[in-house]
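As structure tokens, the structure follows; a few thoughts come after it.
Lettering follows sequence order; numbering is per chain, from 1. The structure presented is a predicted model; accordingly, all values stated were derived computationally and were not measured.
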Amino acid sequence: GQNIDQPTEMTATEGAIVQINCTYQTSGFNGLFWYQQHAGEAPTFLSYNVLDGLEEKGRFSSFLSRSKGYSYLLLKELQMKDSASYLCAVRVLYGQNFVFGPGTRLSVLP
Amino acid sequence: GAGVSQTPSNKVTEKGKYVELRCDPISGHTALYWYRQSLGQGPEFLIYFQGTGAADDSGLPNDRFFAVRPEGSVSTLKIQRTERGDSAVYLCASSSDPYNEQFFGPGTRLTVL
């Protein structure tokens, strides 16, 4: 089977740094994606890792360790608009069958 | 340019009825995905099209669900004999090729009474 775990909820303060973890056990691996989803809206792409290491994109960074089945999303200089759900997704096979985690609901407080 | 669009945005139907949900992907995107998302959960993969053909339909829950993409652009998800458990937001996504990120549409909220 396919399994992706993320914390259900996290809370952080405006201006702070937060790390959202994702662990996965899947039958295959061909890349890990992070998406942001505001309540009632569609997911939007944040980052993509296929090789081990850190990918940085502005205030957002994502890390992958394939041997550990582990990724994290790092958000710096948190803003109120970052309050959203963050979805970790694994592409199990080329072009096919993306498996999404349950999402982590992040609340940014003033 | 225009993003992924889905119609209708909301659909309320009665148990046992037939529904069709439509997805217009970004022009030129060959890969198209259908997902459904229940409240508080991540999207659940249903089916993936590459061009006109269904490359992976392993996520369709049973034979009441069917999807087509006859000309390699617009796709329709069809649900027969709807059940209350089918109530969810149905999301469509497209990408320029399977290695690139997916762009999601706004979804269709299906409610089966």
Side-chain angles (χ1 to χ4, degrees), chain A residues 1-10 20 22-24 26-51 55 57 60 62 71 73 84-107, chain B residues 2-7 9-10 21 23-26 29-51 53-61 67 69 88-109 111:
Chain A
Q2 322 285 15
N3 189 54
I4 298 182
D5 284 321
Q6 303 178 235
T8 305
E9 292 190 23
M10 297 183 72
I20 302 174
C22 170
T23 57
Y24 62 90
T26 55
S27 57
F29 180 86
N30 204 344
L32 188 141
F33 294 74
W34 284 95
Y35 285 84
Q36 180 190 61
Q37 186 175 28
H38 286 99
E41 297 183 10
T44 55
F45 170 79
L46 289 177
S47 70
Y48 166 62
N49 296 70
V50 67
L51 299 176
E55 294 283 340
K57 203 186 239 189
F60 297 86
S62 57
S71 173
L73 180 69
S85 284
Y86 291 85
L87 301 164
C88 171
V90 171
R91 182 169 54 204
V92 179
L93 293 172
Y94 172 81
Q96 303 174 8
N97 202 344
F98 282 72
V99 179
F100 278 80
T104 297
R105 187 161 59 242
L106 174 67
S107 298
Chain B
V4 179
S5 62
Q6 293 186 245
T7 53
S9 55
N10 279 284
L21 311 179
C23 171
D24 274 278
I26 293 172
H29 279 193
T30 57
L32 185 146
Y33 304 79
W34 282 100
Y35 298 87
R36 74 177 171 183
Q37 186 174 27
S38 299
L39 192 63
Q41 302 296 315
E44 173 193 5
F45 170 83
L46 295 177
I47 187 169
Y48 156 64
F49 287 90
Q50 180 59 39
D56 184 349
D57 64 357
S58 62
L60 295 177
R69 194 185 185 198
V89 175
Y90 287 81
L91 294 167
C92 175
S94 70
S95 65
S96 57
D97 72 57
Y99 273 126
N100 288 340
E101 75 263 26
Q102 299 172 45
F103 294 86
F104 282 82
T108 294
R109 181 175 299 278
T111 303

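B:Phe103 does not touch chain A: none of its heavy atoms, backbone or side chain, sits under 4.5 Å away. Contact annotation for A:Gln6: neither backbone nor side-chain heavy atoms come within less than 4.5 Å of a heavy atom of chain B.
Atoms OG and CZ, on B:Ser95 and A:Phe98 in that order, are 7.0 Å from each other to the nearest 0.5 Å. Of the inter-residue distances, the one linking B:Glu101 atom CD with A:Tyr48 atom OH reads 10.5 Å to the nearest 0.5 angstrom.
Applying the salt bridge (Lys or Arg N to Asp or Glu O under 4.0 Å) rule to B:Glu44 yields the partners B:Arg36; only residues at least two apart in sequence or on another chain are considered. Taking A:Thr23 as the reference, A:Asp5, A:Tyr70 meet the side chain to side chain contact (heavy atoms under 4.5 Å, CB included) condition, with sequence neighbours excluded.
Note on A:Pro43, A:Gly103, A:Ala89: by heavy-atom pairs under 4.5 Å with chain B, the leading option is A:Pro43. Of the residues considered (B:Gly42, B:Gly105, B:Pro43), B:Pro43 shows the highest number of contacts with chain A, using heavy-atom pairs under 4.5 Å.
In this structure, B:Phe104 has its ring center under 6.0 Å from that of A:Tyr35.
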